[in-house]
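What follows is a set of notes on a single structure, which appears directly below.
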Amino acid sequence: MSEAYFPVGPGLGLEESFLSLDDILMSQEKLPGRAETRLPRLGFALGQGTGAGDAITEGSKLEFPLWLAKGLHDSKRRIISVELPNIYKEAWRTVLSADASVVDLHKMGPYYYGFGSQLLNFDNPENPEIAQAILQTFISRFRRIMDSSQNAYNEDTSALVARLDELERALFQAGQKELNDFQSWEKGQASQITASSLVQNYGKRKFTEVDG
């Protein structure tokens with residue numbers, strides 16, 4: 001009998017998981033940057049030319065998909081330089097530190113936490129501040145998200161969910177599922193309470209790491 005498929009969650013850290021659909025979509029997010037040298041045969045791929053052989057000229061400003069920016073980044077050879085998206089700059093870090101709960105993270109970037117973690121691959125002097133801002137934003141928003149997910153039984157939560165980043169949406173949905181499962185069990189509509197799929201997936205990953 002084949003094993004049931006469990007969706008792979010996004011990887012938080014310097015490396016994304018290409019078994020995760022969320023990470024694949026995140027890797028397509030654009031990063032503003034500048035070509036520090038001539039880039040042959042990349043013009044058409046980046047929307048800067050009409051033919052497959054067109055090159056990007058040195059000094060061109062353009063937007064790189066995250067996966068390509070990581071591939072071209074080299075700390076020893078200045079092939080490209082990247083800029084911070086607005087949400088990770090000092091002005092927005094100040095806003096988030098003041099009250100992260102009021103910010104529409106999905107509007108600013110649907111993969112705020114994952115994309116921000118990937119930015120740490122680039123040699124930016126603000127990396128420590130970016131990492132701290134991501135962590136503190138998650139901490140300050142986490143309790144409200146989980147409280148809302150546990151206190152919104154059979155209610156319309158679309159307005160709240162619309163403001164969440166994709167990782168936060170997954171956490172909210174996990175909380176909602178556990179609430180619904182508990183309510184069903186309490187009413188005698190379910191025979192047993194089972195562990196969350198997020199917990200099951202985490203346990204499987206840990207066993208795989210031990211076996212490896």
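Only heavy atoms go into these numbers, but all of them, side chains included; no hydrogens, no water, no symmetry mates.
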inquiry  = Which residues pass the salt bridge (charged side-chain N to carboxylate O under 4.0 Å, His left out) test with Asp123, not counting sequence neighbours?
reply    =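 If we apply the salt bridge (charged side-chain N to carboxylate O under 4.0 Å, His left out) test to Asp123, skipping adjacent residues, there are no hits.
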With sequence neighbours excluded, what pairs up with [X] under the side chain to side chain donor-acceptor pair (under 3.5 Å) test?
X      : value
Thr57  : Ser60
Arg163 : none
Glu166 : His106
Asp104 : none

ask   = Around atom CD of Gln150, are there more than 12 heavy atoms of other residues, nucleotides or ligands at under 6.0 Å?
value =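 Yes, the 6.0 Å shell around CD holds more than 12 heavy atoms from other groups.
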How about [X] and [Y]: do any of their side-chain heavy atoms sit closer than 4.5 Å?
X      : Y      : result
Leu68  : Pro65  : yes
Asn124 : Leu119 : no
Val103 : Leu96  : yes
Phe115 : Leu31  : yes

ring-ring contact (aromatic ring centres under 6.0 Å, His included) pairs, two or more places apart, involving residues 74-104 =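 Every pair satisfying ring-ring contact (aromatic ring centres under 6.0 Å, His included) with a residue in residues 74-104: Tyr88-Tyr112.
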request  = Not counting sequence neighbours, list each pair that qualifies as a ring-ring contact (aromatic ring centres under 6.0 Å, His included) and has a residue in residues 121-152.
outcome  =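 Qualifying pairs: His73-Phe122, Tyr113-Phe138, Phe138-Phe142.
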ask   = So which pairs with a foot in residues 126-139 pass salt bridge (charged side-chain N to carboxylate O under 4.0 Å, His left out), sequence neighbours left out?
value =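 For residues 126-139, and leaving out neighbouring residues, the salt bridge (charged side-chain N to carboxylate O under 4.0 Å, His left out) pairs sorted by first residue read Arg93-Glu126.
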request  = Nearest 0.5 Å please: distance from the OH atom of Tyr111 over to the CG atom of Leu25.
outcome  =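 Going from OH on Tyr111 over to CG on Leu25, the span is 4.0 Å.
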Residues which pass side chain to side chain contact (heavy atoms under 4.5 Å, CB included) with Glu63, listed by chain and number, not counting sequence neighbours =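 Side chain to side chain contact (heavy atoms under 4.5 Å, CB included) list for Glu63, sorted by chain: Lys30.
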ask   = Taking it one step at a time, do Asp165 and Arg169 satisfy side chain to side chain contact (heavy atoms under 4.5 Å, CB included)?
value = CA-CA 6 Å; Asp165 131 294; Arg169 289 184 177 188; over 6 Å; no
Donor-acceptor pairs are to be reported for all side-chain atoms of residues 76-84 against protein atoms at under 3.5 Å, with residues two or more places apart or in another chain.
residue : atom : partner : partner atom : Å
Arg78   : NH2  : Glu36   : OE2          : 3.3
Ser81   : OG   : Glu36   : OE2          : 2.6

